[in-house]
Amino acid sequence: MSLSFAHRTLVSLLGLDPVFAGTGARAAVMTPAQGSALFRDQRAHSDQPGWDLIEREHRVRAAGGRILHLFGEVMDFDGTPVQEALVEIRQADLAGRTPDQDTRARDFRGHGAVRTDREGRYQFRTILPRPTADRTAHIHARVVPPSGRVLVTQLYLVDEAANDDDWTYQSLGPSGQAALSLDPIERADGDLGAGFNFVL
């Protein structure tokens, strides 16, 4: 695999082996859309929340949270990078609370937003999602390109046992499930890394 200098630097900073850094395997499949209650407001939020969703790292770790570095690219169906796309993610914290619920004294913000760079790349530092009382582990995502279709979807974990009982996940069918699945790997520093490309 041939990586640009900037991409090699990002891979190095994330602590990943370059063999796992490419996410191009998903580039030929348009990312399926899937509704999200956390994005009822159709206006794009500002990118003020930033890339790091973790407020107090030591407390997240002490509570048993696994830190997840989520990164990848936004591209069109031909593989052309989409610059300045707004990428947002929202997810529940370790107690199952989402960003639209009580946010007092939290160690995890649950909402991040970044703009893609000139090569269409984005990255977040978040936590590995856990199943909640009524859903399997998942991350809500929205991608707002400068022009074209806005994508709202959800990302899941490969081989998560709770997937079998989650109606929203099961409604995707096998191909949709594969297209929206994350397969995190352990980094050199003990955190997890997962690459995912959004194809618009």
Side-chain angles (χ1 to χ4, degrees), residues 20 22-42 44-45 53 60 63-77 79 82 85-102 108-113 122-145 148-186 191-200:
F20 295 111
T23 53
R26 294 190 177 91
V29 179
M30 187 170 289
T31 303
Q34 193 168 52
S36 169
L38 296 188
F39 289 122
R40 290 191 187 95
D41 182 354
Q42 293 302 305
H45 291 269
L53 283 68
V60 167
R66 296 293 307 274
I67 293 180
L68 173 68
H69 298 259
L70 176 63
F71 64 98
E73 302 169 11
V74 176
M75 63 184 70
D76 65 21
F77 191 70
V82 179
L86 180 65
V87 182
E88 295 182 80
I89 62 171
R90 289 175 176 260
Q91 68 181 97
D93 64 11
L94 295 173
R97 296 172 299 189
T98 55
D100 57 343
Q101 296 171 330
D102 186 2
F108 177 70
R109 292 189 290 111
H111 175 212
Y122 73 91
Q123 66 170 318
F124 292 103
R125 188 175 78 137
T126 183
I127 58 174
L128 187 72
R130 292 178 173 176
T132 60
D134 58 350
R135 288 296 315 278
T136 190
H138 64 286
I139 298 174
H140 298 262
R142 174 163 63 176
V143 181
V144 184
R149 112 178 149 125
V150 174
L151 173 67
V152 175
T153 194
Q154 299 179 43
L155 308 181
Y156 301 90
L157 298 178
V158 171
D159 297 330
E160 169 60 56
N163 289 346
D164 293 341
D165 299 318
D166 188 277
W167 183 90
T168 306
Y169 175 82
Q170 291 298 326
S171 69
L172 289 164
S175 60
Q177 293 165 8
L180 292 177
S181 289
L182 302 175
D183 192 7
I185 60 171
E186 188 160 340
D191 288 349
L192 298 171
F196 187 88
N197 284 352
F198 293 99
V199 183
L200 306 180

Query raised in the report: Between the side chain of Asn163 and the main-chain N/O of Val158, is any donor-acceptor distance below 3.5 Å?
Result: no

Query raised in the report: Looking at Val152, Val150, Val74, Val199, which one forms a side chain to side chain contact (heavy atoms under 4.5 Å, CB included) with Val143?
Result: Val74

Query - Ring geometry between Phe124 and Tyr122 (parallel below 30°, tilted from 30 to 60°, perpendicular above 60°) - result: tilted

Query raised in the report: If you round to the nearest 0.5 Å, how far is CZ of Arg142 from CZ of Arg90?
Result: 7.5 Å

Report task. Would you give the length of the straight line joining atom CG of Asp183 to atom CG of Leu192, rounded to the nearest 0.5 angstrom? Result -> 10.5 Å

**Report entry** Test side-chain contact (heavy atoms from CB on, under 4.5 Å) applied to Leu180 and Leu155, step by step
**Finding:** CA-CA 5 Å; Leu180 292 177; Leu155 308 181; 4.2 Å; yes

Query raised in the report: Just by modelled atom types, is the Thr168 backbone N or O under 3.5 Å from a matching donor or acceptor in the Gln34 side chain?
Result: yes

Report summary line: When every non-hydrogen atom of Ala194 is compared with those of Pro184, the smallest separation belongs to CB-CA, 4.0 Å

Query raised in the report: Which heavy atom in Ala33 sits nearest to a heavy atom in Leu151, and how many Å separate them?
Result: CA-CD1, 3.8 Å

Report summary line: Smallest heavy-atom separation, Val29 atom then Ala179 atom, equals CG1-CB, 4.2 Å

Requested in this report: Look at the side chain of Asp76 and the backbone N and O of Leu200, then say whether any donor-acceptor pair between them is shorter than 3.5 Å.
Outcome: no

Report summary line: Tested for side chain to side chain donor-acceptor pair (under 3.5 Å) against Thr126, the lone hit among Gln91, His111, His69 is Gln91

Report summary line: Closest non-hydrogen atoms of Leu53 and Gly110, given as atom of the first, atom of the second and distance, are CD2-C, 3.8 Å

Query raised in the report: Could you give all pairs that pass the salt bridge (Lys or Arg N to Asp or Glu O under 4.0 Å) test and reach residues 165-177, with sequence neighbours left out?
Result: Arg135-Asp166

Requested in this report: Find the distance between CG (Asp134) and CH2 (Trp167) and round it off to the nearest 0.5 Å.
Outcome: 13.5 Å

Report summary line: Closest non-hydrogen contact found for Ala92 with Ile127 is O-CD1, 4.0 Å

Query raised in the report: Rounded to the nearest 0.5 Å, what separation is found between the OG1 atom of Thr136 and the CD atom of Gln154?
Result: 10.5 Å

Requested in this report: Determine the minimum heavy-atom distance between Gly96 and Thr132, stating which atoms define it.
Outcome: CA-CG2, 4.1 Å

Query - Test item: Thr153 side-chain N/O and Ala141 main-chain N/O as donor-acceptor pair under 3.5 Å - result: no

**Report entry** Plane angle bin for Tyr156 and Tyr169 - parallel if under 30°, tilted between 30 and 60°, otherwise perpendicular
**Finding:** perpendicular

Query raised in the report: Taking atom CZ of Arg130 and atom NE2 of His138, what is their separation to the nearest 0.5 Å?
Result: 15.0 Å

